[in-house]
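Chain letters run A, B, ... following the sequence lines, proteins first and then strands; every chain starts at 1.
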Protein chains: 2
Amino acid sequence: MLTPARIMPKILVVDDEPDALEVLEFNLKNAGYEVSTADDGEAALKKARQLLPDLILLDLMLPEVDGLEVCKLLRRDPATSGIPIIMVTAKAAEIDRVVGLELGADDYVTKPFSPRELVLRVRNLLRRRTEGEDDKPQKMQFGDLVIDIPRHLVSVAGARVDLTATEFKLLIILAQRRGRVQSREALLRDVWEYDNLIDTRTVDTHMRRLREKLGDAARYLDTVRGVGYRFIEN
Amino acid sequence: MLTPARIMPKILVVDDEPDALEVLEFNLKNAGYEVSTADDGEAALKKARQLLPDLILLDLMLPEVDGLEVCKLLRRDPATSGIPIIMVTAKAAEIDRVVGLELGADDYVTKPFSPRELVLRVRNLLRRRTEGEDDKPQKMQFGDLVIDIPRHLVSVAGARVDLTATEFKLLIILAQRRGRVQSREALLRDVWEYDNLIDTRTVDTHMRRLREKLGDAARYLDTVRGVGYRFIEN
DNA sequence: CGCCGGGGTTACAAGTCCGTGACATGGCTT
DNA sequence: AAGCCATGTCACGGACTTGTAACCCCGGCG
């Protein structure tokens with residue numbers, strides 16, 4: 001997979017109780033995050049802008065400027081408005097109020113929390129932001145052939161075609177690289193994921209099964225003699 | 001946000017009365033849309049597949065293949081199933097019938113309509129599709145299966161079904177992502193919250209228990225061999 | 001015109017995947 | 001302490017998938 005060089009996510013923790021701060025910091029560092037802290041609203045806002053953390057853990061009760069206010073301000077500033085926020089609160093009852101206010105936190109944790117729960121929520125939220133957009137289209141159409149990757153669905157002229165997992169993967173790889181010829185070796189590597197052991201004729205067999213099931217739409221699958229296969233658009 | 005270069009939304013208008021067609025076309029072009037037309041069901045289906053418009057305005061009364069039928073066919077073909085449809089009809093009374101049929105139109109307009117109303121509805125529908133999907137509904141219904149998340153309640157044909165916490169979570173994750181296949185790994189990550197330690201076969205067992213408890217409604221839970229599970233609506 | 005090699009086609013044995021029932025564990029209630 | 005229930009794991013068996021080998025066809029080339 002094309003995993004981009006992993007960097008350590010940066011987290012800003014805001015809480016005015018030293019004890020709570022320490023617990024949070026310890027657990028997050030343990031889980032492999034880079035942690036900065038702030039113990040009041042003003043410092044939080046300043047650090048958020050300076051550090052641009054990947055996530056902010058914000059206690060609801062703060063002296064001076066309270067958590068809700070900080071949250072709103074963070075959301076208002078374009079520099080920080082995209083940063084996910086997890087609200088932390090001692091009172092479960094507060095949660096409802098906060099949720100009711102819909103002021104833009106992305107998740108909530110109540111004290112006391114288990115370290116596991118905390119880390120899970122953090123990870124979830126970070127993942128959601130990171131995974132985001134991918135480059136390859138998830139749905140493709142060529143004439144009457146439709147390929148819908150998330151639904152794992154292929155249809156020809158509106159009629160659904162049932163493909164096995166391997167056939168589906170083969171078709172996707174070819175369609176995504178349409179125009180370019182793929183050697184049997186390349187296909188084995190990318191569809192079968194690095195099984196150097198299997199015969200290259202295996203590709204042929206799967207191409208045949210794929211063509212059979214696609215019927216009319218098999219015309220998109222082109223054999224280049226002596227080289228491999230390719231997907232042609234017209 | 002990664003807004004793709006804005007293009008002019010393409011709208012397909014289907015109506016067999018030349019006058020009505022002209023009025024619709026004029027108003028939509030005036031509002032800045034690219035408009036194509038069709039005057040019978042067959043042409044509509046063909047053009048929809050060819051042009052892949054962003055929205056379809058469909059008159060209920062058409063010669064040969066009527067609007068309802070066209071609507072159903074558009075929905076059935078994966079190529080066009082995601083395109084929003086606005087039904088147009090001369091008789092207000094027809095609306096109820098159509099709504100009752102729940103056949104998948106997204107909005108309804110009755111003749112005579114004000115140009116302003118028409119454009120508003122079009123704009124609304126286009127906006128809804130452009131801005132990411134609507135946030136997750138808290139209560140869902142599919143045929144006789146009702147899932148109420150806040151109340152933690154599931155019923156089939158009116159009869160309450162007792163699910164354990166895990167089963168419930170599994171069901172709602174699948175239902176919220178209905179249509180899209182979820183791999184065992186994805187389910188472990190999101191239902192079990194990232195316990196990499198547990199066996200992927202555990203998912204199977206829980207699916208089995210879920211299906212058993214759902215009885216009839218288990219038909220919504222689909223196995224995609226070699227890939228994972230998915231929730232299907234029909 | 002016949003040979004040759006690459007690829008289409010068919011058949012089948014081995015492998016894989018999933019539904020199913022059984023069981024161990026461990027937390028919670030009584 | 002006993003019992004119950006939720007949950008994770010395992011083993012079995014049937015159905016489907018997949019890799020391979022054998023055979024056939026066809027086009028290119030001498």
Side-chain angles (χ1 to χ4, degrees), chain A residues 114 116-117 152 154 161-174 181-232, chain B residues 152 154 160-174 181-232:
Chain A
S114 72
R116 186 163 165 277
E117 184 198 354
H152 205 269
V154 172
V161 176
D162 277 326
L163 297 183
T164 69
T166 330
E167 287 156 4
F168 190 75
K169 212 163 171 187
L170 178 58
L171 177 61
I172 288 174
I173 295 269
L174 285 167
V181 181
Q182 303 295 311
S183 70
R184 289 173 176 66
E185 289 72 22
L187 291 172
L188 279 177
R189 182 160 39 74
D190 298 335
V191 177
W192 279 258
E193 278 173 11
Y194 215 68
D195 236 339
N196 235 336
L197 320 168
I198 47 179
D199 188 352
T200 67
R201 287 306 306 276
T202 295
V203 179
D204 296 50
T205 306
H206 280 268
M207 280 302 289
R208 187 192 159 279
R209 295 203 259 249
L210 186 51
R211 293 210 248 234
E212 187 170 47
K213 289 192 184 176
L214 287 184
D216 266 2
R219 65 179 179 281
Y220 295 109
L221 303 175
D222 188 25
T223 305
V224 182
R225 200 182 163 84
V227 186
Y229 296 96
R230 99 183 126 184
F231 191 101
I232 48 174
Chain B
H152 204 273
V154 172
R160 196 175 139 183
V161 176
D162 276 326
L163 297 183
T164 69
T166 324
E167 287 156 6
F168 187 74
K169 208 162 175 190
L170 179 58
L171 178 61
I172 62 180
I173 292 268
L174 285 166
V181 179
Q182 303 296 309
S183 69
R184 287 169 178 59
E185 288 72 21
L187 291 171
L188 278 178
R189 181 158 45 70
D190 298 335
V191 176
W192 279 259
E193 283 178 5
Y194 211 69
D195 251 339
N196 228 339
L197 320 168
I198 50 179
D199 188 352
T200 67
R201 287 308 305 274
T202 297
V203 178
D204 297 50
T205 305
H206 281 267
M207 281 300 290
R208 185 186 159 280
R209 288 176 186 145
L210 185 52
R211 293 210 248 232
E212 190 169 43
K213 289 192 185 176
L214 288 183
D216 265 3
R219 66 180 178 281
Y220 295 110
L221 303 176
D222 188 25
T223 305
V224 182
R225 196 173 211 278
V227 186
Y229 294 97
R230 97 181 127 191
F231 191 103
I232 49 174

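- Between B:T166 and B:L170, the closest side-chain pair of non-hydrogen atoms is not below 4.5 Å.
- Interface limits on DNA chain D: the 5'-most and 3'-most nucleotides within less than 4.0 Å of chain A heavy atoms are D:dT17 to D:dT20.
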Exercise for the section: List the steps, then state whether side-chain contact (heavy atoms from CB on, under 4.5 Å) holds for A:R184 with A:D204. Expected result: CA-CA 8 Å; A:R184 289 173 176 66; A:D204 296 50; 2.8 Å; yes
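- If B:L163 and A:D199 are placed on DNA chain D by their nearest nucleotide, the residue sitting closer to the 5' end is B:L163.
- A:D222 places none of its side-chain heavy atoms less than 4.5 Å from the side chain of A:V181.
- Between A:V154 and A:F168, the closest side-chain pair of non-hydrogen atoms falls below 4.5 Å.
- Here the side chains of B:V203 and B:Q182 are not in contact, with every heavy-atom distance at 4.5 Å or above.
- Using a distance-only test at 3.5 Å, with no hydrogens or angles considered, no donor-acceptor pair links the side chain of A:K169 to the main chain of A:W192.
- The closest side-chain heavy-atom distance from A:R208 to A:E212 is below 4.5 Å.
- Using a 4.0 Å heavy-atom criterion, one finds that A:T202 contacts the bases of the nucleic acid, with or without backbone contacts as well.
- At a threshold of 4.5 Å between non-hydrogen side-chain atoms, the residues B:I173 and B:F231 do not count as touching.
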Practice task
Report, as a single string ordered 5' to 3', how protein heavy atoms within less than 4.0 Å touch nucleotides 10-26 of chain C: B base, S sugar-phosphate only, - not at all.
Solution key: B-----BBBBBS-----
